[in-house]
Protein chains: 2
Amino acid sequence: MLTPERHKLILQLIKEKGVVKIQDLVDMTETSESTIRRDLTQLEEGKYLKRVHGGAARLQGKLQEPSMSEKSSKNLQQKRQIAQYAANLVEEGDSIYLDAGSTVTEMIPFLPAKEIVVVTNGLMHIQALLERNIKTFLIGGFAKEQTKAIIGRGALASLEKYRFDKCFMGVNGIHPQFGYTTPDQDEAMIKQMAISLSREAFVLADDTKFSEIAFAKIAELHTAAIITNELNEDQKESYSSKTTIKVVTA
Amino acid sequence: MLTPERHKLILQLIKEKGVVKIQDLVDMTETSESTIRRDLTQLEEGKYLKRVHGGAARLQGKLQEPSMSEKSSKNLQQKRQIAQYAANLVEEGDSIYLDAGSTVTEMIPFLPAKEIVVVTNGLMHIQALLERNIKTFLIGGFAKEQTKAIIGRGALASLEKYRFDKCFMGVNGIHPQFGYTTPDQDEAMIKQMAISLSREAFVLADDTKFSEIAFAKIAELHTAAIITNELNEDQKESYSSKTTIKVVTA
DNA sequence: CAAAAATCAATCATTTTCGTTCAAAGTAAA
DNA sequence: TTTACTTTGAACGAAAATGATTGATTTTTG
């Protein structure tokens, strides 16, 4: 039995039961007492456990997970709900595009890890995607500081080689021509192209402030779902009058 | 059994089981222990796995700090000296390429901010570059987790549209054909192309362990400078016999 | 409290694994 | 074909891991 296997087993046991006896570990790993002792010494040095007479115990002075500052933010919870719903739309084997933007980032922890391919222009997403071992392609181009997005002519050229099953866009920034307010022309063009390369397009809306016009305009062009928490009457109406667009309340 | 097949098999097994014994790999591939050892060495250099006594293990993203903190202080100072020297070679108005790698990252704080354009495949560099408001282009392609680099076929295509005044490469990983030991074929190809697109090439060497062969081989192909702290006699000799290469001791 | 039992750290011989070298076999280019 | 390069497997000394032993230390028991 290889060292890392033993270590993993020991830590797992300790995590479950709190304490383990050396003799039990000897039996389970089919090694000698000496070996187990050495393992425990190493793991103790690495602050993974605490040795006690006859075995080892979990150490309790452990670091907790804080960051309550923003966790309680209602807005973030809402975002996360929407993101989770959107992530569930992704099926194994899908090739998807993730637009730059904080709401979309929230999707990543909920994505099915296996067999999906992600293409993105969002630099903020990279870390989370790689941590989850998701096959990730970044489009090339100019790195825009404010939004941490890849944009520009090169980005368009880089993007147009891909095709997607689904694409997920943040709520701020569909092309003006489509109905959304868009701060940046360059980013809008990227979004426009991503949508046109995708079989289905989804918009993640973390609030209900976007106008009904937005629905109408985008509905003329794509099969898309707008995922949000609440809908007012006007919006529902707008939805019902357009057949190519689904509005989902997560 | 062909090398890429073996590598694929090894990685697959490690991904599934977490750890593999060398003897098991020998049996499965019906090759010799030596061959498997070589495979593991290569794959470890490419940051695809971690070797352990008796086999190899999957490497986890986070938990690998203790080694860094030990050697970093002196090593980092050396790195920084070299990086600063290299950064001073960049003139205002230059278009430069920064290879992925930690030594190259250290250059960024020393770069002249105004009027330069940076192209890179290093995800680690982005943050620092944007913080300094440097005009930055990222090449597109597959994002490799371990080295935080953009690689692959798409990356080559994305890269070849650029031209550089100078390019700066980390010491680990010029194409084997050039003489450097290269962990990853894909990364090597990127490096090779970047060099060929640049008027001048610089190699940042944070130690003197690379062989004299490296000097000779690269000298045959490019005008380049190798920037390092110390040189042994062999290396100096190698340098003097080649005219197209400058060796700078920072 | 004292003796017995259990656990411990330290040491050493043995086994396993490692890295390197070298020559043979296989490949690609000249 | 010859020549240069790469891949491979075997060999061997070095290094690491292992298991048994010993005597000290701690815990338990009477």
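All values below were derived from every heavy atom in this structure, side-chain atoms included, with hydrogens, water molecules and symmetry-related copies excluded. Note on naming: letters A, B, ... go to the chains in the order of the sequence lines (proteins, then strands), and numbering restarts at 1 for each one.
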Answer yes or no on whether B/Lys191 is positioned over the face of B/Tyr97, meaning its NZ or CZ is under 6.0 Å from the six-membered ring centre and within 45° of the axis.
-> no
Answer yes or no: is there an ion pair linking B/Glu91 with B/Lys166, defined by an N-O contact shorter than 4.0 Å?
-> yes
By side chain to side chain donor-acceptor pair (under 3.5 Å), which residues pair with A/Ser32, not counting sequence neighbours?
-> A/Thr35
May I have the distance from A/Glu44 (atom CD) to C/dA9 (atom C1'), rounded to whole angstrom?
-> 13 Å
Sequence neighbours excluded, which residues qualify as side chain to side chain donor-acceptor pair (under 3.5 Å) partners of B/Gln23?
-> B/Asp27
Would you please name every residue forming a side chain to side chain donor-acceptor pair (under 3.5 Å) with A/Glu33, sequence neighbours left out?
-> A/Arg37
Round to a whole Å and report the spacing from CD of A/Glu30 to P of D/dA17.
-> 21 Å
Please round to the nearest 0.5 Å and tell me the distance separating atom CG of A/Asp165 and atom OG of A/Ser198.
-> 7.0 Å
Using a cut-off of strictly less than 4.0 Å, decide whether B/Ser32 has a side-chain nitrogen or oxygen near OP1 or OP2 of D/dA10.
-> no
List every contact pair, protein side and nucleotides 12-14 of chain D side both N or O, where the distance is under 3.5 Å.
none

Can you give one letter per nucleotide of nucleotides 17-29 of chain C, going 5' to 3': B for a protein heavy atom under 4.0 Å from the base, S for sugar-phosphate only, - for none?
-> SBS----------
Establish, from distance only, whether the side-chain atoms of B/Thr31 and B/Arg6 form a donor-acceptor pair under 3.5 Å.
-> no
Residue met sooner reading DNA chain D from 5', once A/Asp39 and B/Thr3 are mapped to nucleotides | B/Thr3
Please report, rounded to the nearest Å, how far the P atom of D/dG9 is from the CG atom of B/Asp27.
-> 13 Å
Among all residues two or more places apart in sequence or in another chain, which pass the side chain to side chain donor-acceptor pair (under 3.5 Å) test with A/Arg163?
-> none
